[in-house]
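Below: the structure, in structure tokens.
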Amino acid sequence: MRRQPLPDDALDAIDRAILNTLQDGFPIASRPFDEAGAGLGVTGAELIDRLANLREIGAITRFGPFFDVAPMGGEFCLCAMEVPESDFERVMTLVNAHPEVAHNYERTHRLNMWFVLAAVAPEGIETTADEIERETGLKVLRFPKLEEFFVGFRVTA
Amino acid sequence: MLDAIEKRIVAATQGGLPLCPQPYAQIASQIGLSEDEVMARMRDMLARGVIRRIALAPNHYALGMTANGMSVWDVDDEKVRDLGPMIGALDFVSHCYLRPRGEGWPYNLFAMIHGHDRAEVETKRAQIAALLGEACRESDILYSTRILKKTGLRLRKD
């Protein structure tokens, strides 16, 4: 994933409008790009081309449905590990190999690896975390959410 | 819970919507349903909250928000449920959760702060500290130095 800012001229006004508007939602309709494009002053075909380009240049990380696993009977859990620097690549490979690992970040702390487990069944979290402990020989601290105060964030392009 | 058809829809769309004029028809043809059925099911999943939204996720980094810090706070248990929503409501906080404390980990309130650089993130962190006041005993911030993996939700096929 791109981590550097795009050059100032990478996006024009229509690209910015697309990024700002489609963060909030995209229609369920037979020809949804036509519908979404109409509000932005572009045809469906142009919207598709622009979205493909925005993905290509790394301005978009995802386009599509965002699922919440809780109503599916599953859950998310934030986990942290203290990984020795010399062993970091090996542990990262073992952790990332699990499909339940949705994101994984290196962070500036004694606990230097932080990842989110997403599992369809609640026991999937514990099973996966236990598996990671067995595979790596390191402890996996588990921080399930007790309460969600806010999730949702808009970036202005 | 999801039925068998919904599981197929999740599996077919968790990588994203296809960029073609009739994306729902394309998904339908992949999983042997009609376009109308896929759209009706997805509307229902949206209404139930299984799908939070159908949208694009901008890349914060590409748009100049290159610094993000996970701020963590040890907040009085008696007060954290009142203070949490105030922190979550700040426009620079993208996620805010109450989580259990752990071994060697005194923090129970987690707030993800985004900014153009670390100096901006630190200024915002000071605003949170001011809001929490004496209810907070200790705090820290963990900056991400590397993304090791980032995917949407992937369900194991069963």
Side-chain angles (χ1 to χ4, degrees), chain A residues 1-6 19 22-26 28-33 44-45 48 51-52 58-69 71-73 78 92 96 99-109 113-115 118 120 141 143-151 153 155 157, chain B residues 1-2 10 13-14 16-17 19-24 35 39 42-43 48-66 70 81 84-85 87-89 93-100 102-103 105 114 142-156:
Chain A
M1 193 184 97
R2 183 185 182 97
R3 294 207 80 188
Q4 286 75 43
L6 291 163
L19 288 167
L22 297 191
Q23 281 180 64
D24 293 329
F26 182 75
I28 298 177
S30 181
R31 299 185 64 87
F33 294 98
I48 289 173
L51 285 168
I60 294 176
T61 54
R62 253 185 80 71
F63 172 67
F66 286 76
F67 295 100
D68 182 356
V69 289
M72 305 182 196
L78 180 67
M92 176 185 87
N96 286 355
E100 290 84 359
V101 174
H103 336 116
N104 189 2
Y105 288 87
E106 181 181 41
R107 292 193 180 277
T108 53
H109 193 268
M113 189 181 287
W114 288 78
F115 52 91
V120 176
L141 296 183
F143 300 104
K145 73 173 173 193
L146 302 176
E147 197 159 326
E148 178 177 298
F149 296 120
F150 180 74
V151 175
F153 179 56
V155 191
Chain B
M1 297 303 271
L2 299 184
V10 172
T13 60
Q14 63 189 352
L17 276 186
L19 294 178
C20 66
Q22 292 183 268
Y24 302 103
E35 181 188 33
M39 292 195 297
M42 289 183 74
R43 282 193 194 101
R48 278 155 50 211
V50 174
I51 297 176
R52 281 185 181 234
R53 65 188 187 286
I54 301 172
L56 67 75
N59 176 350
H60 299 163
Y61 299 98
L63 299 178
M65 303 288 272
T66 52
M70 184 174 76
R81 283 173 202 273
I87 306 305
V93 170
S94 66
H95 301 74
C96 186
Y97 293 105
L98 177 67
R99 300 187 186 278
E103 205 184 301
W105 184 262
H114 295 265
L142 285 71
Y143 287 102
S144 73
T145 42
R146 197 154 46 123
I147 298 176
L148 307 174
K149 182 175 183 183
K150 185 161 184 148
T151 57
L153 167 66
R154 305 274 166 179
L155 299 183
R156 219 169 224 176

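Order of the sequence lines sets the chain letters (A, B, ...), proteins ahead of strands, with each chain counted from 1.
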So, does B:N59 use its side chain to make a donor-acceptor pair with the main chain of A:G58 at under 3.5 Å?
yes
side-chain contact (heavy atoms from CB on, under 4.5 Å) assessment of A:Q23 paired with B:L56:
CA-CA 5 Å; A:Q23 281 180 64; B:L56 67 75; 4.2 Å; yes
Flag the pair B:P23 / A:F33 as yes when at least one side-chain heavy-atom distance between them is below 4.5 Å, and no otherwise.
yes
Using side-chain contact (heavy atoms from CB on, under 4.5 Å), reason through B:L142 and A:Y105 one step at a time and then give a plain yes or no.
CA-CA 10 Å; B:L142 285 71; A:Y105 288 87; over 6 Å; no
Engaged part of A:I60 at the chain B interface, taking heavy atoms whose separation is under 4.5 Å:
both
Roughly how far apart are B:K149 NZ and A:M113 CE, rounded to 0.5 Å?
12.0 Å
Can you tell me how far CZ of B:R81 sits from CG of A:L146, rounded to the nearest 0.5 angstrom?
7.0 Å
What part of B:Y24 gets closer than 4.5 Å to chain A, counting heavy atoms only: side chain, backbone, both or neither?
side chain
At a heavy-atom separation under 4.5 Å, does B:R53 approach chain A through its side chain, its backbone, both, or neither?
both
Here the gap from B:L148 atom CG to A:R107 atom CZ, rounded to the nearest 0.5 Å, amounts to 10.0 Å
Atom NZ of A:K145 and atom NE2 of B:H95: how far apart are they, to the nearest 0.5 Å?
10.0 Å
Smallest heavy-atom separation, A:P65 atom then B:L17 atom, equals CD-CG, 4.2 Å
When heavy-atom pairs shorter than 4.5 Å are enumerated against chain B, which of A:S30, A:A29, A:P32 gives the highest number?
A:S30
Nearest heavy-atom neighbours spanning A:I28 and B:R43:
O-NH2, 3.1 Å
Would you please test B:Q14 and A:F67 for side-chain contact (heavy atoms from CB on, under 4.5 Å) and show each step?
CA-CA 8 Å; B:Q14 63 189 352; A:F67 295 100; 4.2 Å; yes
Best-contacting candidate, B:I54, B:L63, B:T13, B:I51, against chain A by heavy atom pairs under 4.5 angstrom
B:I54
Taking side chain as C-beta onward, heavy atoms only, is A:F63 less than 4.5 Å from B:L19?
yes
Most contacts with chain A, counted as non-hydrogen pairs under 4.5 angstrom, among B:P100, B:G49, B:G16
B:P100
Atom group of B:Q22 that falls short of 4.5 Å from chain A, counting heavy atoms
both
Restricting to non-hydrogen atoms, name the atom on B:P58 and the atom on A:L19 that form the minimum distance, rounded to 0.1 Å.
CB-CD2, 4.4 Å
Mutual orientation of the aromatic rings belonging to A:H109 and B:W105 [parallel < 30°, tilted 30-60°, perpendicular > 60°]:
perpendicular
Roughly how far apart are B:Y97 OH and A:E147 CD, rounded to 0.5 Å?
12.0 Å
Nearest heavy-atom contact between A:F66 and B:A57 is CZ-CB, 3.6 Å
